[in-house]
Amino acid sequence: MACLQPVRGTHDILPKEFRLHRFIGDLAASIAERFGFEEIETPIFEFSEVFERTLGDTSDIVTKEMYTFQDKSGESLTLRPEGTAGVSRMIISNGLTQKLPLKYFYRGPMFRYERPQKGRYRQFHQIGVELLGISQPQADVEVIALANMLLKALEVSGNITLEINTLGNLVSRNHYRKVLVDYFNDHREDLSEDSILRLDKNPLRILDSKDPGDRKLIERAPIFNKYLDSESEIFFASVCRKLDALSISYHVNERLVRGLDYYGHTAFEFKTDALGAQGTVLAGGRYDGLIAQMGGHDTPGVGWAAGLERLSLLIKKEPTRKRPIAIIPVATEQHDLAISIANRMREEGYNIELAYQGNLSKRLKRANRLSCRAAVILGGDELERGKVGIRDFDSGEQMEAELGALSSSLLKFNSDC
RNA sequence: GCGAGCGUAGCUCAGUUGGUUAGAGCACCGGAUUGUGAUUCCGGGGGUCGUGGGUUCAAGUCCCAUCGCUCGCCCCA
């Protein structure tokens with residue numbers, strides 16, 4: 001029986017949910033297009049090195065969180081855990097750094113070997129954008145504005161707030177890290193077990209700790225802003241000023257950090273309180289060091305990604321779709337006619353449900369259940385006079401129409417649901 | 001990987017201190033109505049009670065293991 005279950009953390013996407021995914025994805029693609037971002041797709045697996053190289057050997061991520069396996073030739077492959085590394089590899093492989101700046105939108109499944117939680121799965125789906133080749137704050141603001149516009153268009157429920165922070169440039173960040181490590185070392189005995197480990201592996205992440213004891217220490221911890229050099233300061237101020245100019249509201253969260261070394265300057269997250277512990281709906285930042293770290297020419301980049309599963313949980317209104325019209329033969333004698341009328345109407349752009357089987361009552365019942373707007377009823381008596389019945393499911397009225405002028409008679413039944 | 005809670009029909013759930021043949025609503029299928037949907041009435045199919053083991057005269061109920069789900073921790077690229 002175990003084999004008939006989906007693998008832990010994966011799930012089937014049935015039509016209702018799929019419509020929602022497509023709605024979000026299509027809307028995102030179209031808004032991205034307004035900003036000049038073109039949609040691309042990279043493979044859903046890469047040589048493991050693509051991801052390992054970007055992550056370094058530091059964290060749990062490589063050992064614990066990736067879907068890594070060997071293929072038949074012995075190559076180590078990894079199902080992509082996120083989009084940026086693949087896009088970066090694509091840019092290097094195709095020599096696209098000749099044509100900077102590059103603006104890409106992508107969507108598709110991602111894989112992480114994690115324990116499932118609310119809005120968090122082993123196979124999940126993301127949309128994302130990357131803007132490469134621009135080291136000025138305009139790029140950061142462009143991608144944030146795009147994200148903001150998308151969330152607004154989606155009319156997502158829950159209080160979504162934009163939190164933003166700067167991680168500074170490399171010099172500032174190293175300086176701050178040193179100060180932070182010193183501070184926490186002085187209070188080592190008060191740190192949680194997890195955070196003592198983080199002190200060595202990833203000290204900035206302590207600022208994100210949920211442990212109440214840690215949080216007290218964090219409140220009094222040195223703040224990043226004070227250790228920014230002037231370049232970092234000017235950069236962040238410029239991002240904020242431009243957001244103000246666009247009337248995009250944000251909250252500066254000095255504790256907002258990123259785990260990996262290639263991140264710098266802007267980091268941002270759109271968060272909601274409606275999803276428990278998994279409150280980040282859309283997150284991104286500047287990753288100027290990434291492409292160089294992967295072995296390409298030093299190329300700045302900034303982008304974000306958002307999970308469709310989480311976004312879906314926040315969508316209030318169902319996406320609409322065109323209601324179909326049913327073509328219903330009364331008896332088997334009309335089946336051939338029905339299928340040819342159905343196809344003709346489809347060629348003219350109508351959504352047509354052909355009633356395949358059952359008596360008239362059942363066919364109508366089924367058409368009704370499929371939320372058809374109307375039914376074209378093909379009965380022997382009417383057809384002899386060159387007519388068909390048209391039943392309006394909303395009003396309950398039924399009228400006759402010329403078979404030859406069917407298409408125009410159906411025009412008024414174009415509606416969404 | 002760690003912790004807690006939960007697994008009874010497609011869905012939501014009931015099932016007494018362990019006691020005969022495991023129930024309801026919704027959904028589905030059929031009929032009333034073989035040329036007219038939603039309403040109504042009548043009927044029907046569906047379950048190895050997540051799985052395996054144990055205790056017991058007797059287990060959906062108690063115990064152990066395992067799988068899964070949910071929420072949280074770690075991690076969050």
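This is a predicted model, so every value here is computed, not measured. Throughout, protein chains are lettered first and strands after them, A, B, ... in sequence-line order, and every chain is numbered starting at 1.
- At least one side-chain nitrogen or oxygen of A/R8 sits closer than 4.0 Å to the OP1 or OP2 atom of B/rG68.
- Straight-line distance from the CZ atom of A/R122 to the C1' atom of B/rC75: 13 Å, rounded to whole Å.
- In this structure, OH of A/Y121 is placed 10 Å from P of B/rC69, rounded to the nearest angstrom.
- Residue-environment remark: CZ (A/F69) exceeds the threshold of 12 foreign heavy atoms within 6.0 Å.
- Nearest to the side-chain atoms of A/K362 among the listed nucleotides B/rG72, B/rU36, B/rG31 stands B/rG31.
- Distances from the side chain of A/Y113 to the nucleotides B/rG1, B/rU36, B/rC74 place B/rG1 closest.
- Residue contacts shown for A/M66 include a base, since a base heavy atom lies under 4.0 Å away.
- Contact annotation: A/K210 reaches the phosphate of B/rC73 (side-chain N/O to OP1 or OP2, under 4.0 Å).
- Using a 4.0 Å heavy-atom cutoff across all strands shown, A/G83 reaches no nucleic acid atom at all.
- The distance between the ring centers of A/H11 and A/Y121 falls below 6.0 angstrom.
- Base pairing annotation: B/rU21 forms no Watson-Crick or G-U wobble pair, as no partner gives both donor-acceptor distances under 3.5 Å.
- Side-chain atoms of A/Q398 and base atoms of B/rU36 include a donor and an acceptor less than 3.5 Å apart.
- Nearest to the side-chain atoms of A/N368 among the listed nucleotides B/rA77, B/rC75, B/rA38 stands B/rA38.
- In this structure, A/F413 places its CZ atom 17 Å from P of B/rG37, rounding to the nearest Å.
- Rounded to an integer number of Å, the gap from NZ of A/K118 to P of B/rC76 is 23 Å.
- Here A/Q126 lies out of heavy-atom contact (under 4.0 Å) with every strand.
- Using a 4.0 Å heavy-atom distance criterion, A/D211 is classed as making no nucleic acid contact.
- Between the side chain of A/K64 and the base of B/rC74, a donor-acceptor pair under 3.5 Å is found.
- Atom-to-atom, NZ of A/K365 to P of B/rC28 comes out at 9 Å; the value is rounded to the nearest Å.
- Set against B/rG35, B/rU36, B/rA77, the side chain of A/R391 has B/rU36 as its closest nucleotide.
- If you take CG of A/D208 and P of B/rC73, they are 11 Å apart, rounded to a whole angstrom.
- Taking 4.0 angstrom as the limit, A/R112 places none of its side-chain polar atoms (N or O) nearer than this to OP1 or OP2 of B/rA77.
- Taking only distance into account, the side chain of A/R369 never meets the base of B/rC28 through a donor-acceptor pair shorter than 3.5 Å.
- Residue-level contact check: A/G389 touches neither bases nor backbone, having no heavy atom under 4.0 Å from any strand.
- Ion pairing of A/R323 with A/D394 is present here, as a side-chain N (NZ or NE/NH1/NH2) and a carboxylate O approach within less than 4.0 Å.
- Applying the 4.0 Å criterion to OP1 and OP2 of B/rG37, one finds that A/S361 has a side-chain N or O inside that range.
- Following rounding to the nearest Å, A/Q5 (CD) and B/rG10 (P) show an atom-to-atom distance of 14 Å.
- Both tests do not hold together for A/R80 against A/F45: distance to the six-membered ring centre under 6.0 Å, angle to the ring axis within 45°.
- With B/rA77, B/rU36, B/rG37 as the choices, the nucleotide that has an atom nearest any side-chain atom of A/Y263 turns out to be B/rA77.
- Partner assigned to B/rA38 is none, using Watson-Crick or G-U wobble distances below 3.5 angstrom.
- Nearest to the side-chain atoms of A/E382 among the listed nucleotides B/rU36, B/rA77, B/rC75 stands B/rU36.
- Enclosure of atom CZ in A/R19 by more than 12 non-hydrogen atoms of other residues, nucleotides or ligands within 6.0 angstrom is indicated.
- In terms of position along RNA chain B, the nucleotide closest to A/D394 lies nearer the 5' end than the nucleotide closest to the other residue of the pair A/R310 and A/D394.
- Between A/L204 atom CG and B/rC75 atom C1' the separation is 16 Å, expressed in whole Å.
- Among the heavy atoms of the strands lying under 4.0 Å from A/G9 are primed sugar atoms or P, OP1, OP2 only; no base atom is included.
- Residue-to-nucleotide contacts include no donor-acceptor pair under 3.5 Å from the side chain of A/R366 to the base of B/rG37.
- At least one donor-acceptor pair under 3.5 Å links the side chain of A/R215 to the backbone N or O of A/S209.
- Taking the six-membered ring for Trp and thresholds of 30 and 60 degrees, A/Y176 and A/Y227 have ring planes inclined between 30 and 60 degrees apart.
- Residue A/R198 is in sugar-phosphate contact alone, with no base atom involved, counting any heavy-atom pair closer than 4.0 Å across all strands shown.
- Distances were taken from every side-chain heavy atom of A/A277 (C-beta onward) to each of B/rA77, B/rG35, B/rC73; the shortest belongs to B/rC73.
- In terms of position on RNA chain B, the residue among A/I377 and A/L275 whose nearest nucleotide sits closer to the 5' end is A/I377.
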